[in-house]
J.: 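Please find one structure pasted underneath; my questions will follow.
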Amino acid sequence: MILRKKMSINMIFNRLRNSRLMSKLMITYFLLTVIPISVLGFVAYNQYTKSIEKQVGEYIPKLLEQANININNQLNEYRSLPDSLYNANQVIEVLRKDSYQNNSNLFRDEFLVNNYLSKMYMNSGNNDILGVFILSKNRLFTSSKADYSGFQLENFPSTYGENLDLQGRTEFILPNQSDLAFQGDPPFILMMRELRDYENQETLGTIFVAIRLTFIEQAMESLYEDQKPTIWLTNEEGVIIYHTKRDRIGTLDPRFRNYPKINGSFRTTDFNDNQLISTNKFPNMNWYSYHRIALEDLMKETNQVRNGTILVFLIFVILSSVISVILAWNVSHPLQKLARLMKRVEKGDFKVDLPINKKDEIGLLAKSFNSMIQEIEHLIKMNYQIELRQKDAELYALQSQINPHFMYNTLETIGYAVEEEEKEIVSRMVALLGRMLRYSLNNKEKVVPLKQELGHIEDYLTIQQFRFEDRIDFQIKDIVGNDSYYVPKFILQPIVENAIKYGLEANYKVRIKVMIEEGKNNKLIIKIEDNGPGIKEADLSQLNLSFKSNPMIRRDENFGLINVHARIALIYGENYGLEVESVIGKGTTVMIRLPADESERGGEK
């Protein structure tokens with residue numbers, strides 16, 4: 001079995017090794033870029049969602065606890081409502097009576113008590129009280145804000161009769177435990193309390209107060225801020241006292257027995273999708289409050305950010321794939337062409353040519369091949385043409401070397417901003433980065449309007465400000481203010497990159513100032529000043545000396561300033577280019593000299 005696996009692996013490697021070069025390059029691209037970034041994004045999203053779930057799971061129970069305290073305090077206020085009856089001597093005297101000689105006295109007492117109940121409870125300004133009922137010695141005294149049914153003396157359940165001994169407790173009758181109903185069917189609970197004659201140590205009767213459940217809704221308002229959760233209250237038997245869906249009030253919660261009776265949060269899949277349920281027990285009652293929200297709703301905004309990130313990632317993959325295909329084709333196609341031409345040479349046909357204008361290994365190979373054929377055929381004119389093309393190739397190679405190298409750092413900063421839900425920063429950085437990419441990918445022109453180059457460097461510095469915050473400050477001052485000036489593309493970014501790099505390494509707060517002015521002899525001067533650590537005198541002399549030497553000598557060292565100077569010198573001549581001034585501890589100034597006359601631009605656009 002192990003031998004078979006080893007043979008299979010060897011077959012795969014042999015197939016890859018013998019496959020076309022373009023296929024190898026594309027596979028390498030996906031293995032090193034697309035797959036790692038996809039895995040990293042997936043892991044980061046999962047960790048972020050788990051973090052949100054944990055935070056909400058800790059936060060919601062605290063809100064439930066505070067809501068329960070508020071509800072309990074409100075219930076305590078309602079428990080004290082019957083105490084006001086003991087201050088009404090006439091009402092107490094009526095409740096002490098056992099019998100009546102005639103109906104007129106009974107009606108008079110009922111009017112007196114009912115009028116007192118209306119004045120004390122119905123007109124007190126408390127909108128939550130729907131009705132008050134006193135059951136005393138086969139008499140029923142009532143006052144309500146709306147018509148009601150199911151609470152008549154003759155059919156009231158004996159379980160809650162007038163002689164019920166509550167031993168000083170206050171009991172709450174749930175909606176499913178009585179037939180009482182008010183017009184409009186508002187949800188309510190019925191508070192029941194025994195009335196005692198403390199002077200005679202006798203029971204006067206039982207008072208019932210119907211309380212609307214709006215006070216529970218008000219206590220739960222803090223839990224309705226962003227999402228639309230399901231909130232409900234139950235007693236110790238699972239009977240629903242309050243529910244966001246009114247038709248559930250008074251029913252039995254079928255899952256109550258399965259819920260853990262702890263203060264906290266837990267995940268469940270009983271509702272056909274992942275739900276986060278938080279619970280908290282009332283401090284002095286066997287009541288429980290529950291908060292349920294679907295994880296899909298909880299992660300709604302996060303999923304929107306995720307979808308946006310995936311869209312950006314797909315665009316990035318498509319663009320980078322197109323670029324990688326072009327690059328792979330640029331590598332493999334010349335080799336295939338070279339192989340075909342070499343077969344023609346083997347047959348004695350020396351009238352061949354491989355016009356590849358590159359400075360890489362393929363370009364060198366093509367150059368050697370062409371040189372060999374040219375030497376055999378003694379084509380002097382062809383050698384001259386190749387030299388001209390090589391100069392253009394070197395110029396293109398230099399320009400290609402100056403590309404933005406902070407792509408991944410910028411994407412990482414955007415990722416951190418997404419995690420912090422800083423939507424405006426994410427939107428701003430993505431817009432800036434998109435503009436820079438469009439500017440970078442447009443290689444049709446060797447020189448661009450000065451306004452575009454300044455806009456590009458402003459976008460670059462703005463992104464760096466987002467990354468390093470108050471450690472970077474910049475100013476762009478265009479004294480000339482002429483939109484007709486043209487400059488080589490990407491001549492400012494390498495200089496600014498050096499200023500930021502060495503300034504930040506020396507723990508400086510980097511200040512960069514870009515000024516454009518007209519110099520003597522019809523020259524355009526661009527100054528880039530910084531407050532960095534400066535350059536040693538010996539290094540500064542060597543740098544300025546390298547500007548005067550062959551601009552192509554150090555092209556492979558990726559030295560930005562030399563590359564910029566080389567491009568300017570190749571386009572406009574040796575009278576133009578860079579000059580650097582620097583003082584240790586005070587900063588560095590880079591001056592770029594360019595022609596201000598359109599006739600000196602050589603028609604480069």
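Starting from 1, each residue takes its place in the sequence as its number. Below, each value reflects all heavy atoms present in this structure, side chains not excepted, and no hydrogens, waters or symmetry copies.
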J.: Is there side-chain contact between I60 and L276, with heavy atoms separated by less than 4.5 Å?
T.: no
J.: Give, for atom CD1 of I216 and atom CD1 of I231, the distance between the pair rounded to the nearest 0.5 Å.
T.: 11.5 Å
J.: Which heavy atom in H243 sits nearest to a heavy atom in I240, and how many Å separate them?
T.: CB-CG2, 3.7 Å
J.: Go through the steps to decide whether T142 and L117 satisfy the test side chain to side chain contact (heavy atoms under 4.5 Å, CB included), and finish with yes or no.
T.: CA-CA 7 Å; T142 65; L117 294 179; over 6 Å; no
J.: Considering only heavy atoms from C-beta outward, does the side chain of I414 approach that of V312 to under 4.5 Å?
T.: no
J.: Donor-acceptor pair, R471 side chain versus L504 backbone, under 3.5 Å?
T.: yes
J.: Going by atom types alone, do R193 and T206 pair a side-chain donor with an acceptor below 3.5 Å?
T.: no
J.: Do N73 side-chain atoms and I69 backbone N/O form a donor-acceptor pair below 3.5 Å?
T.: yes
J.: Counting C-beta onward and ignoring hydrogens, is there a side-chain heavy-atom pair between T214 and N127 closer than 4.5 Å?
T.: no
J.: Go through N263 and E65 one step at a time and tell me if the side chain to side chain contact (heavy atoms under 4.5 Å, CB included) criterion holds.
T.: CA-CA 9 Å; N263 294 337; E65 181 181 5; over 6 Å; no
J.: Ignoring hydrogens, what is the shortest heavy-atom contact between P61 and N280? Give both atom names and the distance.
T.: O-ND2, 3.8 Å
J.: Within the distance-only criterion (no hydrogens, no angle test), does the side chain of N531 pair as donor or acceptor with the backbone N or O of K509 below 3.5 angstrom?
T.: yes
J.: Sort out for me which residue in E412, E419, E420 forms a side chain to side chain donor-acceptor pair (under 3.5 Å) with Y416.
T.: E412
J.: So which of Q452, H456, E453 actually passes side chain to side chain donor-acceptor pair (under 3.5 Å) with Y439?
T.: E453
J.: Measure the shortest side-chain to side-chain distance between L130 and K145 over non-hydrogen atoms and say whether it is less than 4.5 angstrom.
T.: no
J.: Quick one, R428 and E424 - any side-chain contact, counting heavy atoms below 4.5 Å?
T.: no
J.: Go through the steps to decide whether F256 and E237 satisfy the test side chain to side chain contact (heavy atoms under 4.5 Å, CB included), and finish with yes or no.
T.: CA-CA 8 Å; F256 176 77; E237 297 176 354; 6.0 Å; no
J.: Return the OG1 to CZ distance between T170 and R79, rounded to the nearest 0.5 Å.
T.: 6.0 Å
J.: F188 and ring-ring contact (aromatic ring centres under 6.0 Å, His included): which partner among F208, Y242, F182?
T.: F182
J.: Is the Y259 ring parallel, tilted or perpendicular to the Y290 ring (thresholds 30°, 60°)?
T.: tilted
J.: Backbone N or O of M285 within a donor-acceptor pair of the K281 side chain at under 3.5 Å?
T.: yes
J.: To the nearest 0.5 Å, how far apart are CG in L190 and CD1 in I211?
T.: 8.5 Å
J.: Mind checking whether I134 and L85 have side chains closer than 4.5 Å, heavy atoms only?
T.: yes
J.: Quick check: do L195 and Y86 have side-chain heavy atoms less than 4.5 Å from each other?
T.: yes
J.: For side chain to side chain contact (heavy atoms under 4.5 Å, CB included), just list the numbers for K119 and N115, CA-CA rounded to whole Å, side-chain angles, deciding distance to a tenth of an Å, and then say yes or no.
T.: CA-CA 6 Å; K119 180 180 178 181; N115 185 57; 5.5 Å; no
J.: Looking at L204, is its backbone amide N or carbonyl O close enough to the side chain of S136 to form a donor-acceptor pair, meaning the two atoms are under 3.5 Å apart?
T.: yes
J.: Can you tell me how far apart CG (L252) and CZ (R248) are? Round to the nearest 0.5 Å.
T.: 9.5 Å
J.: H291 and P229: which non-hydrogen atoms are nearest, and at how many Å?
T.: NE2-CB, 3.2 Å
J.: Between Y460 and M436 (side chain of the first, backbone of the second, donor and acceptor by atom type, cut-off under 3.5 Å), is there such a pair?
T.: no
J.: Hey, are the side chains of T410 and F466 touching, using non-hydrogen atoms and a 4.5 Å cut-off?
T.: no
J.: Please round to the nearest 0.5 Å and tell me the distance separating atom CG of L454 and atom CG of D459.
T.: 11.0 Å
J.: Can a side-chain donor-acceptor contact be found between D253 and T234 if the only test is distance below 3.5 angstrom?
T.: no
J.: Atom CD1 of I463 and atom CD of Q465: how far apart are they, to the nearest 0.5 Å?
T.: 11.0 Å
J.: If I compare all heavy atoms of D247 with all of T251, which pair ends up nearest, and what's the gap?
T.: O-CG2, 4.0 Å
J.: With a 6.0 Å cut-off (strictly less than), is the heavy-atom count around NZ of K97, excluding the residue itself, greater than 12?
T.: yes
J.: Which heavy-atom pair separates M220 from S289 by the least distance, and what is that distance?
T.: CE-CB, 4.1 Å
J.: Looking only at heavy atoms, what is the nearest atom pair of A294 and Q275, with distance?
T.: N-OE1, 3.2 Å
J.: Carefully, step by step, assess Y78 and F215 under the rule ring-ring contact (aromatic ring centres under 6.0 Å, His included).
T.: CA-CA 11 Å; Y78 291 140; F215 74 98; 5.4 Å; yes
J.: Check residues 87-96 and write down every donor-acceptor pair under 3.5 Å in which the side-chain atom is one partner and the other belongs to a residue at least two apart or another chain.
T.:
{"residue": "E93", "atom": "OE2", "partner": "R96", "partner atom": "NH1", "Å": "3.0"}
{"residue": "R96", "atom": "NE", "partner": "D197", "partner atom": "OD2", "Å": "2.8"}
{"residue": "R96", "atom": "NH2", "partner": "D197", "partner atom": "OD1", "Å": "3.0"}
{"residue": "R96", "atom": "NH2", "partner": "E199", "partner atom": "OE1", "Å": "3.2"}

J.: Hey, does the side chain of N114 reach the backbone of E110 with a donor-acceptor pair shorter than 3.5 angstrom?
T.: yes
J.: I'd like to know if the side chain of N70 pairs up with that of Q66 as donor and acceptor (distance under 3.5 Å, no hydrogens or angles considered).
T.: yes
J.: Do Y148 and F133 make the cut of ring centroids closer than 6.0 angstrom?
T.: yes
